[in-house]
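Shown next, in structure tokens, is the structure this report addresses.
Only a predicted model underlies this, so the values are computations on that prediction, with no experimental measurement involved.
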Number of protein chains: 2
Amino acid sequence: MRARRATINDVADAAGLSRGTVSRVVNGEKYVSAEARMAVEAAIAQVGYVRNTAARNLVTQESRAIGLIIHEPHSLLFEDPNIGSILLGANEALSKADYQLVTLIIDSDRDSHRVADHLRGGLIDGAVIVSARASDPIAAAVADIGLPAAFVGHPDGTPDLPYAAIDNVEAARAITSRLLGTGRQRVGMIASALDRDSGQDRLAGFRAAMGERYDPRLVVEYPLYTYAAGFEGMQKLLRRDPSIDGVFAASDAVAAGAMTALQEAGRRVPEDVGIVGFDDSSWALRCRPQLSTVRQPAGLLGTTAAELVLAQLMGLPSSPRVLETVVMWRGSA
Amino acid sequence: MRARRATINDVADAAGLSRGTVSRVVNGEKYVSAEARMAVEAAIAQVGYVRNTAARNLVTQESRAIGLIIHEPHSLLFEDPNIGSILLGANEALSKADYQLVTLIIDSDRDSHRVADHLRGGLIDGAVIVSARASDPIAAAVADIGLPAAFVGHPDGTPDLPYAAIDNVEAARAITSRLLGTGRQRVGMIASALDRDSGQDRLAGFRAAMGERYDPRLVVEYPLYTYAAGFEGMQKLLRRDPSIDGVFAASDAVAAGAMTALQEAGRRVPEDVGIVGFDDSSWALRCRPQLSTVRQPAGLLGTTAAELVLAQLMGLPSSPRVLETVVMWRGSA
DNA sequence: GAACGCTCTGTGAACGCTCCCAGAAACCGC
DNA sequence: GCGGTTTCTGGGAGCGTTCACAGAGCGTTC
């Protein structure tokens, strides 16, 4: 099949030096003469040597790879643009530290086992866990193995691992207050993803901002942050109370769906109904009018979580980090 | 740090058998007595053994991992829902064959080198290459190394590797003809991504369908399949010829942008202008009216490309596959 | 009862690398 | 010139597997 690959011994022979010296050059260690270093480099180029990673991993007992565990149903995986940004952000931090990012996707029970084996198999030195649910078994497995890891977000009932997150409660409270500040009288919410911390917290923030004006009849709940949830949720809210004049949607995708439903029902946005979202994803600028929303630094969440894992790997202490959010006020409310 | 992991020898000792027998049990080979098998299984559970993959890879000279190489700018990575579907489709096929999918993202030159090293380092037995450009260096590197690989799509000027693709020319021709069939007189196109085969071929199909009616002034070109490209492109077409009454957008995202531009310009869709897209992505159902478009089986493309790589790994011949597309006729034209 | 074939088990030899120790060579200060 | 330190190199040992081979045990056939 493929030609036999050159080994460190071939390089040593070609350079007229020993294995040990070649290894020192390859790993950039001290105590190599300039002369030897040049000879080795020439020999490497000559024989086309590339280090065999499996052999290295075997002896060093590490892999220089970090897993990004995504536990998310099919449909949502790429409808939610945050996941892509988190992925790229984590990739950036790891790439800088010369680690390889390995994406592990769980979308069935079989995947769940395969991923757990992968974790245990020593193919990965650490993990970034994205979009875990409350009491997620894979998160428990990670903690159980004792693998250095960090969450993006921090679901309840999960092991005591560091995380990179935003304060969803406070951010939701802030944008709801702002919406109320435009003089709306009947404000509802389309809540989503109550099986994870972000969904719960956004609802809690909404409730906090509403205070006495909170009316459970004006809150509808959907399992996922989707456009479809927003569309249906808004129709349901309009049926429940045609006088509704403000809506907080749990994400931009949800808000976009809600806006379509409002416009089809003949309501003007923002004149008749003000609407605000959450994420400041690409949805926000695509809506007409553009969405008022909360900007969350998705890429930075990924980068930060990756850095938390790297810190653990270097034996440094790593503690949770809460990143700032900003209310982006545009035309939808 | 972490406790020392149990090895195959620990299992052998616990079971009172030899390394070889344990290995045979772990790999499900023949010639193991039921008695021995049970003893080994009990011992594995007792000592908590998990196979060390690095050691295995070292001796077998394979990794049971397949790379999915995505070469795409930041912004587009998750705006294009096809990529997510391809990823999941490939994951499914590989997961079934007990291979692990490793996602390799190239979005800078440094990434490009790191990925090339990763390929060469023996960490991967094969590769699925998504969204390569014409004459993509990473594709050349893959061919150079002699790694079994397959493309999704098949850019010009790339090495002679099998691919899973759709017939973009024919599909574009078909939907353009259908658009013409609604009686449109002035039909234009918003072309995109002419640096890759899909972009080129969709333009070629459009031109073929238009025949003598083809007017280069009614074709605008943008580098990426984005909403923004559609929005701007439509405005430009309207300026060039206000009597335009039909548009073929190179993707659904582009079509969605174009539709917004038309509606802002006070044109009714489909009464004043008919518009068709390409992909049948989640964009299509989100538009009002819903988009007429070409359904391309993105998940199946990923699955098929993965299978082509697996076939090569098993020494079977693998030849290009062209998958079927279907015109989905909805309300936008 | 010898010869053969099948099933099953144990063991030495790799795989390609890093780590560590021993020792050579060079440099320093007194 | 001598002991001590620092710089540099070589090579044995070992990481945890799989693989190939040797050989034991047992049943079948002539």
Check whether any side-chain nitrogen or oxygen of B:Ser33 sits under 4.0 Å from OP1 or OP2 of C:dT9, and answer yes or no.
yes

How close or far is atom P of C:dT18 from atom CG of A:Leu58, stated in whole angstroms?
11 Å

Working to the nearest 0.5 Å, report the span between CZ of B:Phe151 and CG of B:Leu308.
12.0 Å

With both distances kept under 3.5 Å, what pairs with D:dT28, Watson-Crick or G-U wobble?
C:dA3

Where do B:Gln312 and B:Pro148 come nearest, in terms of heavy atoms and distance?
OE1-CA, 3.5 Å

N/O donor-acceptor pair under 3.5 Å between A:Asp10 side chain and A:Thr7 backbone
yes

Counting only side-chain nitrogens and oxygens, does A:Ser18 get under 4.0 Å of the OP1 or OP2 atom of D:dG10?
yes

To the nearest Å, give me how far apart CG (A:Asn57) and P (C:dC17) are.
12 Å

Return no unless some side-chain N or O of A:Tyr31 is found under 4.0 Å from OP1 or OP2 of C:dA24.
no

Of the nucleotides D:dC19, C:dC17, D:dT17, which one has an atom closest to the side chain of A:Ile8?
C:dC17

Are any of the side-chain heavy atoms of B:Val152 and B:Val128 separated by less than 4.5 Å?
yes

Measuring from atom CG of A:Leu323 to atom CG of A:Leu300, what distance do you get when rounded to the nearest 0.5 angstrom?
5.0 Å

Integer-rounded Å distance: D:dT17 P and B:Glu62 CD:
16 Å

Start at the 5' end of DNA chain C and walk down; is the nucleotide closest to B:Gly20 or to A:Arg56 reached first?
B:Gly20

For A:Ala36, report the nucleic acid contact type (base, sugar-phosphate, nothing); a contact means any heavy atom under 4.0 Å.
sugar-phosphate

Output yes when at least one side-chain N/O atom of A:Ser23 is less than 4.0 Å from OP1 or OP2 of C:dC19, else no.
no

Mind checking A:Arg51 for me? I need base, sugar-phosphate or nothing, with any heavy atom below 4.0 Å counting as a touch.
sugar-phosphate

Quick check for you: among C:dT9, D:dG16, D:dG12, whose closest atom lies nearest to any side-chain atom of A:Arg19?
D:dG12

Atom-pair distance (CZ on A:Arg64; C1' on C:dC17), nearest Å
16 Å

For B:Ala6 and A:Lys30, find the nucleotide of DNA chain D closest to each by heavy atoms; which residue's nucleotide sits nearer the 5' end?
A:Lys30

Between the CD atom in B:Gln100 and the CD1 atom in A:Ile105, the distance rounded to the nearest 0.5 Å is 9.0 Å

To the nearest angstrom, the OH-C1' distance between A:Tyr49 and C:dG16 comes to 8 Å

Please determine if a side-chain N or O atom of B:Thr53 lies less than 4.0 Å away from the OP1 or OP2 oxygen of D:dT17.
no

Rounded to whole Å, the CD-P distance (B:Gln61 to D:dC19) equals 11 Å

Closest to side chain of B:Val59, choosing from C:dT18, C:dT9, D:dT17:
D:dT17

Can you tell me how far C1' of C:dC20 sits from CD of A:Glu29, to the nearest Å?
11 Å

Look at all strands and tell whether B:Asn27 reaches a base, only sugar-phosphate, or nothing, counting heavy atoms closer than 4.0 Å.
sugar-phosphate

Between D:dC15 and B:Thr7, is there an OP1 or OP2 to side-chain N/O distance shorter than 4.0 Å?
no

Rounding to a whole Å, what distance do you find between B:Leu17:CG and C:dT7:P?
19 Å

